[in-house]
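Have a look at the structure below, then the notes.
Numbers for residues simply follow the sequence, beginning at 1.
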Amino acid sequence: EVQLQASGGGLVQAGGSLRLSCSASGFTFEDYIIGWFRQAPGKEREGVSSIINKDGRTYYADSVKGRFTVSSDSAKNSVYLQIDRAKPEDTAVYFCAAAASIPGYDGTYLYPWEYDAWGQGTLVTVSS
C-alpha cells in the first residue's frame, strides 16, 4: 500500500525559510514521481513542484521558481521541499503525492490528475 506523510509545516515570517518533508513507503521509490501541491482556503489545489526520482528532473510552478527547491533522498525514501523567501501568499496546506512513471509521458507532473496517491497535508502559515 502506497503511503505518504508530509511534515514540517508551521508558522514562518515573510522572508523566512521552512523545509517540508515527505516520507514515502509501499512502493519502489525510484520508479515514482513525487509532487508537492498546496491548497489555500477557498482555492483549488495547485501544483508547486515535482521531482522525477528516476533521473532527478525537477519542475516548479512559476509562482515559486527561485524560492522553492525540491530534493530527494532515495536512501530515506523521502522528498523535501525547501521554502525560502516565503511570502504570505504561500500560506496553504501542503500535500505530497506519488505518481507511477508512465513510459513515454513527458509531462511536468504539476497537475493533481497525474497522481495516484496522496498523503495528509501539513499547514504552512506565512505571516506578513
Side-chain angles (χ1 to χ4, degrees):
E1 179 187 4
V2 174
Q3 291 190 329
L4 301 158
Q5 180 63 54
S7 61
L11 176 64
V12 62
Q13 287 189 333
S17 297
L18 203 63
R19 191 175 86 149
L20 307 183
S21 299
C22 175
S23 178
S25 63
F27 58 95
T28 303
F29 190 72
E30 291 77 12
D31 291 341
Y32 274 67
I33 294 92
I34 303 297
W36 284 99
F37 292 78
R38 66 186 181 187
Q39 188 164 19
K43 294 190 175 182
E44 292 187 355
R45 189 169 296 190
E46 65 167 334
V48 172
S49 181
S50 63
I51 184 165
I52 299 176
N53 285 323
K54 190 177 291 291
D55 58 21
R57 277 181 289 160
T58 59
Y59 297 94
Y60 297 93
D62 288 343
S63 58
V64 307
K65 276 181 184 175
R67 300 189 300 116
F68 288 20
T69 305
V70 64
S71 61
S72 179
D73 185 341
S74 58
K76 296 182 178 180
N77 275 15
S78 293
V79 171
Y80 308 98
L81 185 69
Q82 177 70 34
I83 299 173
D84 295 318
R85 290 182 282 136
K87 299 179 179 181
E89 51 263 43
D90 294 327
T91 294
V93 176
Y94 283 70
F95 301 86
C96 59
S101 296
I102 302 173
Y105 180 69
D106 197 27
T108 59
Y109 288 93
L110 291 176
Y111 298 95
W113 60 263
E114 295 171 304
Y115 287 84
D116 309 306
W118 294 81
Q120 291 185 327
T122 185
L123 176 63
V124 172
T125 304
V126 183
S127 62
S128 57

Please verify the inter-ring angle class for Tyr109 with Tyr115; under 30° counts as parallel, over 60° as perpendicular, anything in between as tilted. perpendicular

Please find the pair of heavy atoms, one from [X] and one from [Y], that lie closest to each other, and give the distance.
| X | Y | value |
| --- | --- | --- |
| Pro88 | Ser128 | CG-CB, 3.9 Å |
| Thr108 | Tyr59 | O-CD1, 3.5 Å |
| Thr122 | Gly8 | OG1-N, 3.9 Å |
| Gln13 | Ala86 | O-CB, 4.4 Å |
| Phe37 | Leu110 | CE2-O, 3.7 Å |
| Pro103 | Ser101 | CD-O, 3.7 Å |

Verify salt bridge (charged side-chain N to carboxylate O under 4.0 Å, His left out) between Arg19 and Asp84, making sure each step is shown before the conclusion. CA-CA 9 Å; Arg19 191 175 86 149; Asp84 295 318; over 6 Å; no

Connected via hydrophobic side-chain network under 4.5 Å: [X] and [Y]:
| X | Y | result |
| --- | --- | --- |
| Val12 | Trp36 | yes |
| Phe27 | Ile52 | no |
| Trp118 | Ile33 | yes |
| Tyr80 | Leu18 | no |
| Ile83 | Val126 | yes |

Applying salt bridge (charged side-chain N to carboxylate O under 4.0 Å, His left out) to Lys76 and not counting sequence neighbours gives none

Is any side-chain heavy atom of [X] closer than 4.5 Å to a side-chain heavy atom of [Y]?
| X | Y | answer |
| --- | --- | --- |
| Lys54 | Asp31 | yes |
| Val79 | Cys96 | no |
| Ser50 | Val70 | no |
| Thr69 | Leu81 | no |
| Phe68 | Val48 | yes |
| Ser17 | Gln82 | yes |

Partner set under side chain to side chain contact (heavy atoms under 4.5 Å, CB included) for Lys65, not counting sequence neighbours: Tyr60, Asp62

Distance alone, cut at 3.5 Å: any donor-acceptor contact between the side chains of Tyr105 and Glu114? yes

Nearest-0.5 Å distance, [atom1] of residue [X] to [atom2] of residue [Y]:
| X | Y | atom1 | atom2 | value |
| --- | --- | --- | --- | --- |
| Gln5 | Ser21 | CD | OG | 10.5 Å |
| Ile34 | Ile51 | CD1 | CD1 | 9.0 Å |
| Tyr94 | Gln39 | OH | CD | 12.0 Å |
| Arg85 | Asp90 | CZ | CG | 10.5 Å |
| Phe29 | Ser74 | CZ | OG | 7.0 Å |
| Leu4 | Ser78 | CG | OG | 10.5 Å |

Where do Arg38 and Phe95 land on the side chain to side chain contact (heavy atoms under 4.5 Å, CB included) test, with the steps shown first? CA-CA 6 Å; Arg38 66 186 181 187; Phe95 301 86; over 6 Å; no

Any Lys/Arg nitrogen of Arg57 or Asp106 sitting under 4.0 Å from an Asp/Glu carboxylate oxygen of the other? yes

For Glu89, is the CD atom crowded, meaning more than 12 foreign heavy atoms sit under 6.0 Å from it? yes

Asn53/Ser72 under side-chain hydrogen bond (donor to acceptor under 3.5 Å, both in side chains): CA gap, chis, key distance, verdict: CA-CA 7 Å; Asn53 285 323; Ser72 179; 2.8 Å; yes

